[in-house]
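The sequence lines fix the lettering, A, B, ..., with proteins before strands; numbering per chain opens at 1.
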Amino acid sequence: MFGRIKQGRQSLKGVRKMNNKKKLLLIDGNSVAFRAFFALHQSLERFVNHSGLHTNAIYGFNTMLDNIIEKTAPTHALVAFDAGKQTFRTAKFSDYKGGRSKTPTELSEQLPYLQKLLTAYGMKSYELKEYEADDIIGTLAKRAEEDGFEVVIVTGDRDLTQLATPKTTVAVTQKGVSEVENYTPEHVLEKYGITPAQIVDMKGLVGDSSDNYPGVAKVGEKTALKLLKQFGSLEALYENLDQLKPSKMKEHLEEDRETAFLCKDLARIRQNAPVSLELAELAWAGENDEQLTSFYEEMDFKSFLRKRAAKNPAEQPERSIKKFAYTVLDEQTITKSNFQAQQGISFYLEMSGANYHQAPLVGFVLVLGAQYFVSRDCKLLQHPKLRQLLADPKVKVDLFDGKRTFVGLARLGINLTAIDFDLLLVSYLLNTSENSNDLGKLAQLHGYEDVRSDEEIYGKGAKYQIPTDDKIFFGHLCSKAHAITTLKAPLLLKLKENQQEELYLKMERPLSLVLGAMELAGIKVDQARLEQMGSEFKERIKEVELEIYNEAGEEFNLNSPKQLGVILFEKLKLPVIKKTKTGYSTAVGVLEQLRGMAPIVDNILKYRQIAKIQSTYVEGLLKYISPKDSKVHTRYTQTLTATGRLSSVDPNLQNIPIRLPEGKKIRQVFVPRKAGWEIFSSDYSQIELRVLAHISHDENMQTAFKAGADIHANTAMQIFGLDAPTQVTPNMRRQAKAVNFGIVYGISDYGLAQNIGITRKQAKAFIERYFEIFPGVHEYMKRIVEQAHAKGYVETLFKRRRYLPDIKSKNYNLRSFSERTAMNTPIQGSAADIIKVAMINMQKMLQQEKLQAVMLLQVHDELIFEAPDDEIERLEKLVPQVMDQAVSLEVPLKVESSHGSTWFDTK
DNA sequence: CGTATCACG
DNA sequence: ACGTACGTGATACGG
């Protein structure tokens, strides 16, 4: 035994092969190429090589291939293709696959190169006259199984799941191609409730619109599955048709009997096709490095080239990215050097960690003209010469993430004021859905390849480490600075093309410094009070916990939905209302329906509520209180959300509890920085509906806002056809409010029904009534979806853009989601624009008026300040004025203010 | 590291 | 026939 291990060390590969089972990889070539093509269709024009060839399908195919090889490590492989239009299926049914639009030339031109790729991979491909790729795959899968192989099939076509067996897995590509869903017989059963063998019975009943065979009229997946569960097969169903009660469905079944059997036959993948290949011929020895590298060069696949280079250390030095001649700074060189900037400079400040309020400053690069200066010692930046350079309002700085740099420099006592180009911000504005904050990754998205991602250089998780090798570290910093310089002109041009210059110059760029200042200011937390609240909550948690264990008759982990599910639904036999992917749902909605059936339910709800407050807001917040100033300094993420909103992290101060009294108490610990100061808060009232009234130009809704009406009551009055606001009951107002919210979210009858607990029919009626009353809103919803279709994106009032690539998807879910997003984003996004403008103006105003008041927080429609008592009166006039006048809409904006000794005491 | 849950607008 | 409200972040499990 020990001998074998020794042997294994000498020839690990050989031993592995002997121990491992034979594994055959079968790829449905046409289907995967097709999927790859459409998955990357959005970026079709970005995937063009130097000779003008489209390469997106090849690229996608390659991605899939790499992933599947890594995951499955096959010993044998084959890629099967369809041979042509004529097959035995068209002979049986002439319209088979009829009505298919012909393959786009952008795809068909890629197919010969796909063959080249496969050759470089050392993989055989095969096609067979009269048969489709499916049949080749089915046949070989069967033969391989009989020969003791394990088989993995990759395809974009769900029909192939009929081939799943205990030894054959069918991997169906997901929306992209890099991810797959693995169909084992168990998974098929779980998903459809039938066996793989029954898939063909289902296809017989349902038909297939893409292959253009009809099945039985009016029978869809749901009905088919029900019938199959009852009868088992198409044959059995028809033998026992008389068991069915007379119905339309039965008539259809009778009428379409022949079609059903024909369709089943068409759907059945042949496993005895005359495939003239021996399994031994499919043995896969791995890719041909040289061929593959030259193929990638031909295709301009830089990322795959890099990946190969990384795998082959021998090639590494030649393939390493651009080298920089840099000067390492120290006191002496600084004294000697001339830092007079002719034009602007580029600057990058590196920190070890994401939280720039505390992360160690580990290095910087400063670019003047063609000179690169670097150092690990960031204190050098405090040298008068460098400090003056960075703080000089006339020296424009190009950088990546101005806010982060601003805060980092502030920690060194340096005030950065003049930012010109912020790569992170511009990149975000160009596409709000690309929200990576890694310079390397973003640069690559914009086609600049000569910079690595931080993850590549520094590693991640436990392995994260700033390299000790100067060449690597400084080289990386220089390449980042170079990426900023190189991308400046092209990205600013794109910004201009999109008419987003003003959005950048007047809104996001100044805002980044306003946010930086707010973060630096921080908000003070009364730690003693928070700790005291913590011990009170702890005691209550203990009490409730004991009661729950009593009622359950045992102790268990209350925080585990899994264990809780077992107690509630198995031990106590409460009815199962909803299931999740992994088991029983125990979410609030579910528990609320179980209320009254067992006292344990109320206690669980209570426990959840308090445990949440304790873990997230007491213990969570305590971790962030700075011992230096007793404050918490959140970070606002300015380049994350697809709509243009901010988000807040470490800690998140945008979701401090307010709805329930126990949670709201947390707000008592947020206090002003000094005695004799107060917390002051102003919020926009119904800003999103006002924005909707503006962009839809709906007269009725505008009238309501102009009259200063209670908008939800007004809506209720009109929906329910009442004459006076006094007739509106609280319940009517509640329902109308939900409808208003639903409208803002891009309404669906299902969503509304679920939200207010009415039937879908009732919800639908509500919506229809709503659109009658507010025809302008209806028009807007139609218009914006059309526009998203035509242009591929939607815009906010200030031209913030969100692309919606799925708006044309054939997948109902994806398409519907995009449609709702198209309706919602201009509303939510414009509201976000407006408060951003207000923040910039407010910060200016505070300075101008020489107020001591400090802007501390933004919570989407609310601004929170702290100020000396004697400034409160002025703020009460000033803040609403500035917020009101941030923009001029067709309806007035409304701002409400309040103040008090803690955040709790505002409103 | 993905999932469930729950906090906010 | 399908299966959805829009946008976020933190915490706790459990593989």
Is the shortest side-chain heavy-atom distance between [X] and [Y] below 4.5 Å?
X	Y	value
Asp650(A)	Thr634(A)	no
Leu205(A)	Leu237(A)	yes
Lys606(A)	Ile610(A)	yes
Arg667(A)	Thr902(A)	no

Nearest-Å distance for atom pair [atom1]/[atom2], residues [X] and [N]:
X	N	atom1	atom2	value
Tyr745(A)	dC6(C)	OH	C1'	6 Å
Asn740(A)	dC6(C)	CG	P	17 Å
Met781(A)	dC6(C)	CE	P	13 Å
Asn824(A)	dT4(C)	CG	P	18 Å
Asp650(A)	dT11(C)	CG	C1'	13 Å
Asn655(A)	dT11(C)	CG	C1'	11 Å
Met202(A)	dA1(C)	CE	P	14 Å
Glu819(A)	dC6(C)	CD	P	12 Å

Rounded distance [0.5 Å steps], [atom1] in [X] versus [atom2] in [Y]:
X	Y	atom1	atom2	answer
Leu594(A)	Glu592(A)	CG	CD	10.0 Å
Glu862(A)	Ile658(A)	CD	CD1	6.5 Å
Asp833(A)	Arg800(A)	CG	CZ	4.5 Å

Which part of the nucleic acid, if any, lies within reach of [X] when heavy atoms closer than 4.0 Å are counted: base, sugar-phosphate only, or nothing?
X	answer
Ala831(A)	nothing
Ala822(A)	nothing
Ile827(A)	nothing
Ile658(A)	sugar-phosphate
Phe817(A)	sugar-phosphate
Arg815(A)	nothing
Asn755(A)	base
Gln563(A)	sugar-phosphate

Checklist entry - For the residue pair His357(A) and His633(A), does the interplanar ring angle fall in the parallel (under 30°), tilted (30 to 60°) or perpendicular (over 60°) class? => result tilted
Checklist entry - Can you say whether the rings of Tyr584(A) and Phe569(A) are parallel (under 30°), tilted (30 to 60°) or perpendicular (over 60°)? => result tilted
Checklist outcome for this item: If one requires at least 3 consecutive Watson-Crick or G-U pairs with distances under 3.5 Å, the stems of DNA chain C turn out to be B:1-9 with C:6-14
Checklist entry - Are Phe774(A) and Tyr770(A) an aromatic pair by the rule of ring centers under 6.0 Å? => result yes
From C-beta outward on [X], which listed nucleotide comes closest to its side chain: [options]?
X	options	answer
His860(A)	dT4(C), dG9(C), dG7(C)	dG7(C)
Lys562(A)	dA5(C), dT8(C), dG15(C)	dG15(C)
Asn652(A)	dG7(C), dA10(C), dA5(C)	dA10(C)
Arg645(A)	dA10(C), dG7(C), dA5(C)	dG7(C)

Checklist outcome for this item: Span of DNA chain B engaged by chain A, first through last nucleotide within the 4.0 Å heavy-atom cut-off, is dT3(B) to dG9(B)
Checklist entry - Quick one: does Arg820(A) reach the base of dT4(C) with a side-chain donor-acceptor pair under 3.5 Å? => result yes
Checklist entry - Taking the six-membered ring of Tyr356(A), is NZ or CZ of Arg404(A) closer than 6.0 Å to its centre and within 45° of its axis? => result no
Checklist entry - So is Lys665(A) actually on top of Phe904(A)'s ring, under 6.0 Å and inside 45° of the axis? => result no
Checklist entry - Taking only residues two or more places apart in sequence or in another chain, which ones pass side-chain contact (heavy atoms from CB on, under 4.5 Å) with His789(A)? => result Ile807(A), Lys808(A)
Checklist entry - Should the pair Lys836(A)-Glu508(A) be classified as a salt bridge under the 4.0 Å nitrogen-to-oxygen rule? => result yes
Item to check | Short N-O contact, Lys894(A) and Glu896(A), less than 4.0 angstrom | outcome: yes
Next on the checklist: Please report the distance separating the P of dT4(C) from the corresponding atom of dA7(B), rounded so that it comes out in whole Å.
Outcome noted: 23 Å
Item to check | Of Val219(A) and Val744(A), the one whose closest DNA chain C nucleotide lies more 5' | outcome: Val219(A)
Checklist entry - Starting at the 5' end of DNA chain C and moving along, which residue's nearest nucleotide shows up first, Gly220(A) or Thr821(A)? => result Gly220(A)
Checklist outcome for this item: So, with a heavy-atom separation below 4.0 Å from DNA chain C, the residues of residues 578-592 of chain A are none
Item to check | OP1 or OP2 of dG14(C) under 4.0 Å from side-chain N/O of Ser560(A) | outcome: yes
Next on the checklist: According to salt bridge (Lys or Arg N to Asp or Glu O under 4.0 Å), who are the partners of Asp861(A), at least two apart in sequence or on a separate chain?
Outcome noted: none
Next on the checklist: Does anything in residues 600-625 of chain A come within less than 4.0 Å of DNA chain B? Heavy atoms only, and list the residues if so.
Outcome noted: Arg608(A), Lys612(A), Tyr617(A)
